Amino acid sequence: MTEQSSRIIVGETEADLELRSGTIGPDVVDVTSLYKKTGLFTYDPGFSSTASCESKITYIDGDEGVLLHRGYPIDQLAERGDFLETCYLLLYGELPTAREKEDFVYRVTRHTMIHEQMSRFYTGFRRDAHPMAVMVGSVGALSAFYHDSTDIADPHQRMVASLRMIAKMPTIAAMAYKYHIGQPFVYPRNDLAYAENFLHMCFAVPCEPYRINPVLARAMDRIFILHADHEQNASTSTVRLAGSSGANPFACVAAGIACLWGPAHGGANEAALNMLTEIGTADRIPEFIARAKDKNDPFRLMGFGHRVYKNYDPRAKIMQQTCHEVLDELGIKDDPLLEVAMELERIALTDEYFIEKKLYPNVDFYSGITLKALGFPTAMFTVLFAVARTVGWIAQWKEMIEDPNQRIGRPRQLYTGAPLRDYVPVDGR
Ligand code: SDX
């Protein structure tokens, strides 16, 4: 990493600030000392021009539509690797050897059960509660059951908490789904691979054997890979900020789940499918395109646009291919939602408004159709995103905790409220 200095001049104020370069991507002006040197804050409420940290985990080139995890392109990981291998890469920085992979899979597999008392936790929720509400509550409660891995100063406890989160999220998510539909919980099985185990816990019933479809299990595993990590997105930034105070990883991930739930973020996969369903047929697409362009209409095309990608989201391309594989395997021909989605994409990508604003389909655009075909209700879509993103949240949290320069995150503000004034008794108002 190279360092140079840059002089900043604001009105009568001048200061020398460090200019730092990373491996690839934009240089940064280090403004750590700006306030001390100039009495000025920077102002960037959406953090569009702000690097909140230094990281080695994920790199995104939004203009080129590139996504790398520890330097490896997402398409290569999705097509040639598997999710637990990607988890190892995100956590430890290198692809595992065969021995390392076998050991990691063994350890994750044997952390998939949750404390039996947690199953009673679910009965406190209404059956019709949104599964994401159950996830926020259940994951937050993990710190009440696994207090022996909450000391973040202990590297061993950090490692155990990391494995527990990755291993237990599918179990917790499957239990949220089973509770939602009124079916009995299905225990994890150590003879099944990660994605197979998740599908089994979601769709098996006590009355008959459940047959794992290898094509669908492979698609599920690839969907997990596509959602594993994505640099400093809103939910990851939430986890980092929560973790910067020293909060335990279970509480931090619960905060990340809460943030992911929003329709502008992870909730977009559920919102995108609801939008495609509302559009219904291709002939209604122009009406919705017009609404998306109307400044007075809050409607947006869900699954389109991205803060960083001003090109096609590389994950969306792989998701579209996976969507076709799943529909073909299930013999679903001419899925009306897929037809609407593909026609909507075709129109949007040729429309001046979307071209000018560089709005392309993102990872959420095709995921909903795929997940619906796999048998999941719309309300479970963001839960699946949370299952996959847990490894990204944990890897980023681990990187932050192990950063010797780490301090509690505490942004400042531009204050535009009332100036100093004296209290007025109520009979004088
Ligand atoms: C995820 O950050 C990540 O990495 C997130 C994520 C991850 O893996 O963690 O990639 C996952 O969250 C993907 C994004 C899922 N969200 C959606 O699909 C919801 C629909 N998209 C929009 O809400 C929006 O595009 C955002 C939230 C994704 C990005 O918003 P920005 O960067 O704040 O952009 P903006 O709102 O400033 O929009 C820029 C312009 C605006 O027009 P002007 O005010 O400049 O005239 O583009 C317009 C917006 O009105 N615009 C859209 C649009 N998205 C942006 N217009 C219509 N439809 C859209 N979807």
Side-chain angles (χ1 to χ4, degrees), residues 6-20 26-55 62 130 132-133 136-137 140 230-248 251-268 271 291-300 302 305-308 310 357 359 382 393 396-397 400-401 403 405-429:
S6 63
R7 170 159 287 274
I8 183 171
I9 298 171
V10 181
E12 302 299 310
T13 308
E14 295 189 32
D16 287 322
L17 298 173
E18 212 176 300
L19 196 60
R20 296 176 62 192
D27 290 348
V28 299
V29 179
D30 185 335
V31 295
T32 312
S33 60
L34 179 70
Y35 180 59
K36 193 185 296 179
K37 289 181 176 174
T38 68
L40 294 171
F41 291 149
T42 59
Y43 181 71
D44 184 13
F47 308 119
S48 299
S49 305
T50 295
S52 61
C53 63
E54 177 182 331
S55 180
H130 194 292
M132 279 298 278
V136 173
H230 211 238
E231 201 210 65
Q232 304 311 319
N233 60 84
S235 54
T236 297
S237 299
T238 300
V239 171
R240 275 182 172 261
L241 195 56
S244 73
S245 74
N248 73 72
C252 296
V253 167
I257 294 172
C259 177
L260 186 75
W261 194 359
H265 189 15
R291 283 186 57 194
K293 295 193 237 181
D294 179 355
K295 283 283 154 243
N296 301 316
D297 189 331
F299 173 80
R300 289 196 166 177
M302 303 315 283
H306 199 278
R307 171 62 59 77
V308 177
K310 302 308 172 191
K357 293 187 186 299
L359 302 175
T382 310
W393 290 329
Q396 299 270 354
W397 168 81
M400 177 204 59
I401 293 292
D403 178 351
N405 300 315
Q406 187 270 330
R407 303 163 67 204
I408 188 168
R410 206 299 189 187
R412 301 302 304 275
Q413 62 179 12
L414 172 67
Y415 178 69
T416 55
L420 177 66
R421 53 183 171 167
D422 293 326
Y423 179 82
V424 177
V426 67
D427 51 13
R429 295 172 199 160

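Keep in mind that the numbers below use all heavy atoms, side chains included, and drop hydrogens, waters and symmetry copies. The structure presented is a predicted model; accordingly, all values stated were derived computationally and were not measured.
Side-chain atoms of S244 come within 3.5 Å of backbone N or O of G409 as a donor-acceptor pair. Checked by atom type and distance alone, the side chain of T382 never pairs as donor or acceptor with a backbone atom of W261 at under 3.5 Å. Using modelled atom types, one side-chain atom of S6 and one backbone atom of L17 make a donor-acceptor pair closer than 3.5 Å. The closest donor-acceptor contact from the side chain of R307 to the backbone of G46 lies under 3.5 Å. With S237 contributing its side chain and Q232 its backbone, the two residues share a donor-acceptor pair below 3.5 Å. Judged by distance alone, the side chain of D44 and the main-chain N or O of S49 form a donor-acceptor pair under 3.5 Å.
The OG1 atom of T236 sits 11.5 Å away from the CE atom of M400 when rounded to the nearest 0.5 Å. Atom-to-atom distance recorded for R240:CZ and S52:OG is 6.5 Å, nearest 0.5 angstrom. With rounding to the nearest 0.5 Å, the separation of CG in D30 from CG in L19 is 9.5 Å. Rounding to the nearest 0.5 Å gives a distance of 12.5 Å between CG of D294 and CZ of R300.
Considering every non-hydrogen atom in both A254 and V136, the closest pair reads CB-O, 3.9 Å. Taking every heavy atom of both residues into account, L359 and G305 meet most closely at CD2-CA, 3.8 Å. A242 and A247 get closest at one heavy-atom pair: O-CB, 3.6 Å. Of all the heavy atoms in A15 and T38, the pair that sits closest is CB-CG2, 3.6 Å. When all heavy atoms of V239 and G256 are compared, the pair lying nearest together is CG2-CA, 3.7 Å.
Within the structure, salt bridge (Lys or Arg N to Asp or Glu O under 4.0 Å) contacts touching residues 7-17 (residues at least two apart or in different chains) are R7-E14, R7-D16.
Summarising the local packing, CZ of R429 is surrounded by more than 12 heavy atoms from other residues, nucleotides or ligands at distances under 6.0 Å. Other residues, nucleotides and ligands contribute only 12 or fewer heavy atoms inside 6.0 Å of the OH atom of Y43.
For R291 and F299, the positive end sits near the middle of the six-membered ring, less than 6.0 Å away and at most 45° from its axis.
Judged as a salt bridge (charged side-chain N to carboxylate O under 4.0 Å, His left out), and not counting sequence neighbours, D403 has no contacts. The ring-ring contact (aromatic ring centres under 6.0 Å, His included) test applied to H265 returns no partner, not counting sequence neighbours.
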Checklist line | Candidate pair V10 and L40, rule side chain to side chain contact (heavy atoms under 4.5 Å, CB included), full reasoning | finding: CA-CA 9 Å; V10 181; L40 294 171; 3.9 Å; yes
Next item on the list: Go through the steps to decide whether W393 and I257 satisfy the test side chain to side chain contact (heavy atoms under 4.5 Å, CB included), and finish with yes or no.
Entry: CA-CA 10 Å; W393 290 329; I257 294 172; 3.6 Å; yes
Note to self: Please evaluate residues V29 and I8 with respect to the criterion side chain to side chain contact (heavy atoms under 4.5 Å, CB included), reporting the C-alpha separation (whole Å), side-chain torsions for both, the decisive distance (0.1 Å), and the verdict.
What the structure shows: CA-CA 10 Å; V29 179; I8 183 171; 6.0 Å; no
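Aromatic ring orientation, H306 versus H230: perpendicular (interplanar angle above 60°, classes split at 30° and 60°).
Residues T50 and T42 fail the side-chain proximity criterion, which asks for heavy atoms closer than 4.5 Å.
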